[in-house]
Amino acid sequence: MSTISDSWPDAADTGRPSPCGCTGTTRRLFTGLLAGAALAPLGAAQAQSMPECRRSRAAGLIPAGQVEGSAQQQYAHMLSQARSQGALAVTNDPQLQRLRYIAARIVPFAPACNERASQWRWEVNLLGSKQINAFCMPGGKIAFYTGILQQLQLNDDEVAMIMGHEVAHALLEHARERMAKSGGTELLLRGGAALLGLGNLGDMAAAGASQLLSLRFGRQDESEADSLGLLMAARAGYDPAAGVTLWQKMGKATGGKAPPQWLSTHPAGETRIKDIQAKLPTVQPLFTAAAKPDRRFAPPPVG
């Protein structure tokens with residue numbers, strides 16, 4: 001394992017992961033990623049015409065900054081709890097380095113699909129838990145659970161498929177859309193007021209923030225995230241065919257029973273695999289043309 005650098009790499013040099021996922025330094029670290037914008041062949045105008053990047057108008061009913069601010073606070077609280085329980089991976093953890101390396105290849109493509117992503121304070125962290133889970137909260141707050149890496153024995157391409165999928169949810173602003181459709185606007189606004197000390201609404205604030213973590217996306221959202229996630233991972237140099245093996249592994253992990261909670265609205269079954277296979281002829285050329293990773297990581301030992 002090579003020495004960890006003091007900053008996120010440029011897109012043209014993605015061989016070194018970020019040493020820090022803390023909020024205070026992520027602005028500086030993310031600037032390094034944007035220096036490689038030339039790597040992404042998509043411009044903002046092109047992205048707007050890409051069906052994979054189109055966002056629901058419903059998302060506009062809730063202020064993006066307010067959702068992202070609540071997500072940042074909830075994410076920080078989650079990290080604090082994990083740290084106090086000894087469940088937050090330290091900087092030199094090989095699997096955390098792995099996640100940050102893969103993120104450093106995928107994230108530079110994000111602003112081409114959603115201009116707000118260039119201002120997000122991206123963070124990547126690993127939580128010690130047997131849960132098969134991963135997510136990207138609004139504002140670029142990424143977290144993986146050790147269970148998904150260990151139990152599924154994922155290779156780098158499969159990890160990239162998950163990360164691309166979760167980042168796609170954030171770029172497509174599915175959380176804002178779901179909250180608007182579920183009437184979460186008032187809840188979020190009250191929660192923001194409480195967090196600023198405006199009234200006795202602490203419980204409401206907690207509920208508003210936790211909603212971002214517990215939010216379940218619909219089948220259409222999951223399909224959209226699959227499509228965009230495949231594109232992003234392929235452009236980052238990861239084989240989109242891994243989307244098929246990923247969901248095959250997921251199916252085995254569930255033993256043919258109900259899928260994990262994070263997949264409950266879109267089962268990882270034959271339908272999903274067929275959908276991905278149908279997209280491969282379009283996505284594979286992007287992978288063929290992409291610069292490939294110069295580092296590969298092994299999955300964690302089976303515990």
Side-chain angles (χ1 to χ4, degrees), residues 1-19 21 26 28-47 49-50 52-53 94-115 117-118 120 122-124 134 136 140 142 144 149 154-168 170-171 225-246 276 279-299:
M1 203 68 66
S2 62
T3 303
I4 304 173
S5 69
D6 291 332
S7 65
W8 282 68
D10 291 349
D13 177 17
T14 52
R16 298 185 301 274
S18 160
T26 44
R28 175 177 59 83
L29 301 179
F30 184 55
T31 302
L33 287 174
L34 295 182
L39 178 69
L42 296 174
Q46 289 174 293
S49 65
M50 284 183 60
E52 292 85 0
C53 290
Q95 293 303 310
L96 178 57
Q97 293 182 26
R98 178 194 200 191
L99 294 174
R100 288 179 174 170
Y101 176 88
I102 294 172
R105 295 191 63 86
I106 291 176
V107 167
F109 297 97
C113 211
N114 185 329
E115 63 281 358
S118 64
W120 289 351
W122 290 88
E123 299 186 53
V124 183
C136 179
I142 300 171
F144 272 65
L149 302 175
L154 301 177
N155 61 38
D156 287 355
D157 296 295
E158 292 163 342
V159 172
M161 296 305 116
I162 294 175
M163 190 173 294
H165 173 96
E166 297 304 328
V167 167
L171 295 177
D226 276 349
S227 296
L228 179 56
L230 282 173
L231 284 176
M232 295 185 68
R235 291 183 184 280
Y238 293 100
D239 188 354
V244 173
T245 59
L246 166 65
I276 292 174
K279 295 179 176 71
L280 290 181
T282 301
V283 181
Q284 282 287 359
L286 301 177
F287 166 65
T288 301
K292 304 301 186 293
D294 59 6
R295 295 182 67 190
R296 286 283 174 174
F297 301 79

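Scope of the values below: all heavy atoms of this structure, side chains included, with no hydrogens, waters or symmetry mates.
- When every heavy atom of G237 is checked against every heavy atom of K292, the shortest pair comes out as O-CD, 3.7 Å.
- At least one side-chain heavy atom of M232 sits under 4.5 Å from a side-chain heavy atom of L171.
- In this structure, the side chains of E158 and Y238 stay at 4.5 Å or more apart for every pair of heavy atoms.
- Taken to the nearest 0.5 Å, the CZ atom of R295 stands 11.5 Å off from the CZ atom of R98.
- Residue I162 comes nearest to A134 through the heavy atom pair CG2-CB, 3.9 Å, listed as atom of the first residue, atom of the second, then distance.
- Here CG of D239 is found 7.0 Å from CE of M161. Values are rounded to the nearest 0.5 Å.
- N155 meets the side chain to side chain donor-acceptor pair (under 3.5 Å) test with no other residue; sequence neighbours excluded.
- In this structure, A160 and I106 approach most closely via the heavy-atom pair O-CD1, 3.8 Å.
- Taken from CE in M163 to CZ in F144, the straight-line distance is 4.0 Å, to the nearest 0.5 Å.
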Practice task
Apply side chain to side chain donor-acceptor pair (under 3.5 Å) to the pair Q97 and R100, showing each step before the final yes or no.
Solution key: CA-CA 5 Å; Q97 293 182 26; R100 288 179 174 170; over 6 Å; no

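- Listed here is the closest heavy atom pair of P94 and F297: O-CD2, 4.2 Å.
- Counting only heavy atoms from C-beta outward, the side chains of V159 and Y101 never approach each other to under 4.5 Å.
- A168 and A225 make their closest contact through CB-O, 3.7 Å (heavy atoms, listed as atom of the first residue, atom of the second, distance).
- Contact annotation: the side chain of C136 approaches that of I142 to within less than 4.5 Å [non-hydrogen atoms, C-beta and beyond].
- The shortest side-chain heavy-atom distance between D156 and P293 does not fall under the 4.5 Å cut-off.
- Looking at D157 and R296, a side-chain N of the basic residue comes within less than 4.0 Å of a carboxylate O on the acidic one, giving a salt bridge.
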Practice task
Given side-chain contact (heavy atoms from CB on, under 4.5 Å), test F109 with L228 step by step and report yes or no.
Solution key: CA-CA 11 Å; F109 297 97; L228 179 56; over 6 Å; no

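- In plain terms, the two heavy atoms of L230 and V283 that are nearest each other are O-CG1, 3.7 Å.
- Here the side chain of W120 pairs no donor or acceptor atom with the backbone of P111 at under 3.5 angstrom.
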